[in-house]
Amino acid sequence: MKYAQIDNKLFIENRKRFTKNLKPNSVAVFNSNDIMPTNADGTMAFRQNNDLFYLSSIDQEESILILFPDAYNKDYKEILFVRETNERIAIWEGAKLTQKEATEVSGIKTVFWLSEFERIFNTVMAEAQTVYLNSNEHLRATIEVETRDARFVKKCKDKFPLHNYERSAPLLMELRAIKSDTEVALIKQACNITKKGFLRALKFVKPGVMEYEIEAELIHEFVRNRSRGFAYGPIIASGLNSCVLHYVDNNKECKSGDILLMDVAAEYANYASDLTRCLPVNGKFTERQKQVYNAVLRVMKEATNMLRPGIILTEYNKEVGKITEKELIGLGLLTEKDIRDQNPNMPAYKKYFMHGTSHFLGLDVHDVGDFNKPVQAGMVFTCEPGIYIPAEKIGIRLENDILVTKGSPIDLMADIPLEVDEIEALMAGSVKVLV
Ligand code: GLY
Ligand code: MN
Ligand code: MN
């Protein structure tokens, strides 16, 4: 792991909050993610299961967590299973967690090697009545590959068909949506690294550079600041590509007169940040680009201010749509008649602004959380309005990460240059920003 060890109080507290919600005499089981294969003996980089990480801090494959708060044997209230390490593994793969280290990082006293799992789990199940199992219930998840959690659900139900079964995912969705101070600090750290990458890229952009060269600048800055890398596939989109919402090829030349849309951000300690900025490739926005940019910026400022406790995100999205509608009329892209004649189920603004304004942010970039329940203090959202005009090769999206508080929203990216004048001055090298 590149990140500094996180104080285990975070994970101890998370387990407390989770187990409070369990029915009496329940056991909950969490599995790590698999290491995904590529071809031959190749594998993808390991990425831990976020629920297991949230409850344990264990960032290693083949790990299992059992939580059994009512266990008769108090050593079995929290049990961690990790892959047995040995000298051969240490030489070929690097050292894995020892049992003592697993205790230190997680705050869990009882740690066994994975080979002990069946034996211990049988004794736990003999005592437990209800079993909470985990699954990825994210609204937008499309899952073709069976996860370790999914395989475990099948195995467990097959072997213990008479227990009561419950889902952990809804409980975790509620808990993870509200960030503790430590989590906000980790997201802020990811934002700080993103800022460094952005400022580096800003100095590098000029006519003739390739989108992938900008990607290389960013990853360099992210990794040297203890990030594993991009929090999601980077979108570095010049000219017409700026109107392609999920453009990821990043393989075109940046041309003078074009807009460059960069939706790029770093992760830190598995926590995501999520930033979008738009630059003029030649350092100076055209009048029209500036008009569209400032229209989106006004929407962003209004929308950010709306992110307060009590709002419902689905309603908020509609409100932001209405604000954008006014800007689109101002830009001459829609008329009052278009609005009068519009189909209420497919408002006219959607031609130029076709995505939502905000999503939860945390361990996942599109983090877990309920869009239909009132927003609460401690939630972190992106705010990312946009206007896309393919006919003019102008796509503008601006995105910052916002912490909801009991008072005014706190912009975790407030120190990343955003105003047109700031961007132009920085690209001209006439001012410097401290990092
Ligand atoms: N970068 C992904 C998003 O903005 O939602
Ligand atoms: Mn983004
Ligand atoms: Mn986003």
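All ligand and atom numbering here is 1-based and tracks the order in the structure. Along the sequence shown, residues are numbered consecutively beginning with 1. Just so it is clear, the structure is predicted and the values come from calculations on it, not from any experiment.
Among the atoms of H359, an N, O or S atom is found under 2.8 Å from the Mn ion (ligand 3).
Atom CG of D181 is surrounded by 12 or fewer heavy atoms from other residues, nucleotides or ligands within 6.0 Å.
When the N, O or S atoms of E384 are ranked by distance to the Mn ion (ligand 3), OE2 comes first. For E399, the N, O or S atom closest to the Mn ion (ligand 3) goes by the atom name OE2.
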Show the distances, to 0.1 Å, for all pairs joining an N/O atom of ligand 1 and a protein N/O atom that are shorter than 3.5 Å, listing one pair per line.
| unit_1 | atom_1 | unit_2 | atom_2 | d |
| --- | --- | --- | --- | --- |
| ligand 1 | 1 (N) | D263 | OD1 | 3.1 |
| ligand 1 | 1 (N) | D263 | OD2 | 3.2 |
| ligand 1 | 1 (N) | D274 | OD1 | 3.3 |
| ligand 1 | 4 (O) | D263 | OD2 | 3.3 |
| ligand 1 | 4 (O) | D274 | OD1 | 3.4 |
| ligand 1 | 4 (O) | D274 | OD2 | 3.2 |
| ligand 1 | 4 (O) | E384 | OE1 | 3.0 |
| ligand 1 | 4 (O) | E384 | OE2 | 3.4 |
| ligand 1 | 4 (O) | E399 | OE1 | 3.3 |
| ligand 1 | 4 (O) | E399 | OE2 | 3.2 |
| ligand 1 | 5 (O) | H359 | NE2 | 3.0 |
| ligand 1 | 5 (O) | H366 | NE2 | 2.7 |

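Between the NZ atom in K393 and the CG atom in D258 there is a gap of 4.0 Å [rounded to 0.5 Å].
For Y388 and H355, the distance between ring centers is under 6.0 angstrom. Close placement of the F11 and F53 rings is indicated, their centers lying within 6.0 Å of each other.
Remark: K322 fails to qualify as a cation-pi partner of Y349 under the 6.0 Å distance and 45° angle criteria applied to the six-membered ring. K20 forms no cation-pi arrangement with F18, by the criterion of a distance under 6.0 Å to the ring centre and an angle within 45° of the ring axis.
Between F381 and F360, the two ring planes are tilted [angle within 30° to 60°].
Residues L331 and R288 form a side-chain contact, since some pair of their non-hydrogen atoms from C-beta on lies under 4.5 Å apart.
Angle OD2(D263) to the Mn ion (ligand 2) to OD1(D274), rounded to 10°: 160°.
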